[in-house]
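In listed order, ligands and their atoms are each counted from 1.
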Amino acid sequence: MNKLITKPIVLFGPSGSGKSTLLAKLFDEFPGQFSFVVSHTTRQPRQGEQHGAAYYFVTKDEFTKMIQNQEFIEHAEFSGNHYGTSIKAVEDVEKLGKICILDIEINGVRQVKRSRLNPRFLYISPPSLDVLKQRLLSRGTETEESLKKRLDTAVVEQEFANTPNAFDSKIINLDLDTAYKQFKEFIFGDC
Ligand SMILES: Nc1ncnc2c1ncn2[C@@H]1O[C@H](COP(=O)(O)OP(=O)(O)OP(=O)(O)O)[C@@H](O)[C@H]1O
């Protein structure tokens with residue numbers, strides 16, 4: 001196997017910019033070649049969620065110990081629950097010979113940049129905030145409040161993306177076929 005293409009890939013971009021859509025196409029076209037990393041969380045499992053598949057479910061104490069032992073590449077708290085990506089979880093994906101994809105938000109990206117992981121960063125940008133708003137509306141997943149929150153966050157994410165060395169490559173997701181072609185070029189291209 002070509003070692004170079006096993007370098008992990010960090011995907012980031014505003015909610016609604018198309019990350020899941022592009023990943024779904026990729027996983028569909030290349031089954032078994034890519035994998036998400038299994039994260040750790042302190043939240044309770046939902047029905048059907050398996051330990052080690054959806055997440056590694058751990059207690060708050062276990063999570064805190066992992067932070068102290070510097071086992072996480074990035075971690076964060078959302079709605080009172082902790083979530084983190086461990087170095088070991090990334091290594092587990094690599095051991096399986098799969099390309100590891102991390103789909104994370106910008107605070108995670110900042111932490112990854114300070115970690116010993118040396119991934120490639122890809123920024124998925126919407127063509128404009130107006131188009132982003134339309135796509136989030138047509139996805140039908142948002143309340144008025146969550147839409148506003150996502151759009152406000154998108155402004156911060158775009159500002160972050162405009163800082164030097166924020167990403168290795170950027171895709172403006174206007175036409176999906178074109179964006180997907182660029183996505184594959186990045187993934188399979190030179191590191
Ligand atoms: N190029 C495109 N043209 C038109 N619609 C698109 C395009 N790319 C994605 N979409 C649509 O935009 C919506 C948002 O895309 P998607 O859910 O993939 O975004 P996301 O970045 O994964 O968001 P989140 O971070 O919230 O998971 C979806 O309804 C998707 O079908």
Can you check which of E105, K19, Q134 brings a heavy atom nearest to atom 25 (O) of ligand 1?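 Ranked by closest heavy atom to atom 25 (O) of ligand 1, first place is K19.
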For a ring-ring contact (aromatic ring centres under 6.0 Å, His included) check, start with the C-alpha distance between F63 and F57, then their side-chain angles and the critical distance, and finish with the verdict. CA-CA 9 Å; F63 198 94; F57 295 99; over 10 Å; no
Just to confirm my output: which protein heavy-atom neighbour is closest to [atom], and how far is it?
atom                    : value
atom 19 (O) of ligand 1 : G18 N, 3.1 Å
atom 11 (C) of ligand 1 : R135 CD, 4.2 Å
atom 26 (O) of ligand 1 : S15 OG, 2.6 Å
atom 28 (C) of ligand 1 : R139 CD, 4.0 Å
atom 15 (O) of ligand 1 : T21 OG1, 3.6 Å
atom 23 (O) of ligand 1 : G16 N, 2.8 Å
atom 8 (N) of ligand 1  : N173 ND2, 2.9 Å

Do ligand 1 and S20 have nitrogen or oxygen atoms that lie under 3.5 Å from each other? yes
Report whether F72 and Y55 are members of the same hydrophobic cluster (ILVMFWY, side-chain heavy atoms less than 4.5 Å apart, transitive linking). no
Could you see if F167 belongs to whatever hydrophobic cluster contains V10? Use Ile, Leu, Val, Met, Phe, Trp, Tyr and a side-chain cutoff under 4.5 Å.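 Linked, F167 and V10 end up in one cluster.
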Which atoms of ligand 1 sit under 4.0 Å from any heavy atom of [X]?
X    : result
L174 : 1 (N), 2 (C), 3 (N)
R150 : 26 (O)
P14  : 21 (O)

Any [X] heavy atom less than 4.0 Å from ligand 1:
X    : result
S17  : yes
A24  : no
A179 : no
L23  : no

Between D61 and K65, is the closest basic N to carboxylate O distance under 4.0 Å?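 No salt bridge links K65 with D61.
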side-chain contact (heavy atoms from CB on, under 4.5 Å) between N81 and E77, worked out: CA-CA 5 Å; N81 296 309; E77 187 180 343; 6.0 Å; no
Examine distances only and state if a side-chain atom of T42 and a backbone atom of T59 form a donor-acceptor pair shorter than 3.5 Å.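 Flag not set: sc T42 to bb T59 has no pair under 3.5 Å.
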Mark yes or no for whether T163, through its side chain, and A166, through its backbone, hold a donor-acceptor pair below 3.5 Å. no
Can you find a heavy atom in the side chain of P14 that is under 4.5 Å from one in the side chain of T153?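 Answer no - side chains too far apart.
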Which one holds for L22 and ligand 1: side chain close, backbone close, both close, or neither close, with close meaning a heavy atom under 4.0 Å? neither
Might you work through the ring-ring contact (aromatic ring centres under 6.0 Å, His included) test for Y56 and H51, ending with a clear yes or no? CA-CA 5 Å; Y56 295 111; H51 180 78; 5.6 Å; yes
F78 side, atom CZ; T41 side, atom OG1 - distance, nearest 0.5 Å: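 The distance works out to 10.0 Å.
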Check V109, L22, L122 against L11 for a side chain to side chain contact (heavy atoms under 4.5 Å, CB included) and give me the one that passes.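 It is L122; the other options fail the test.
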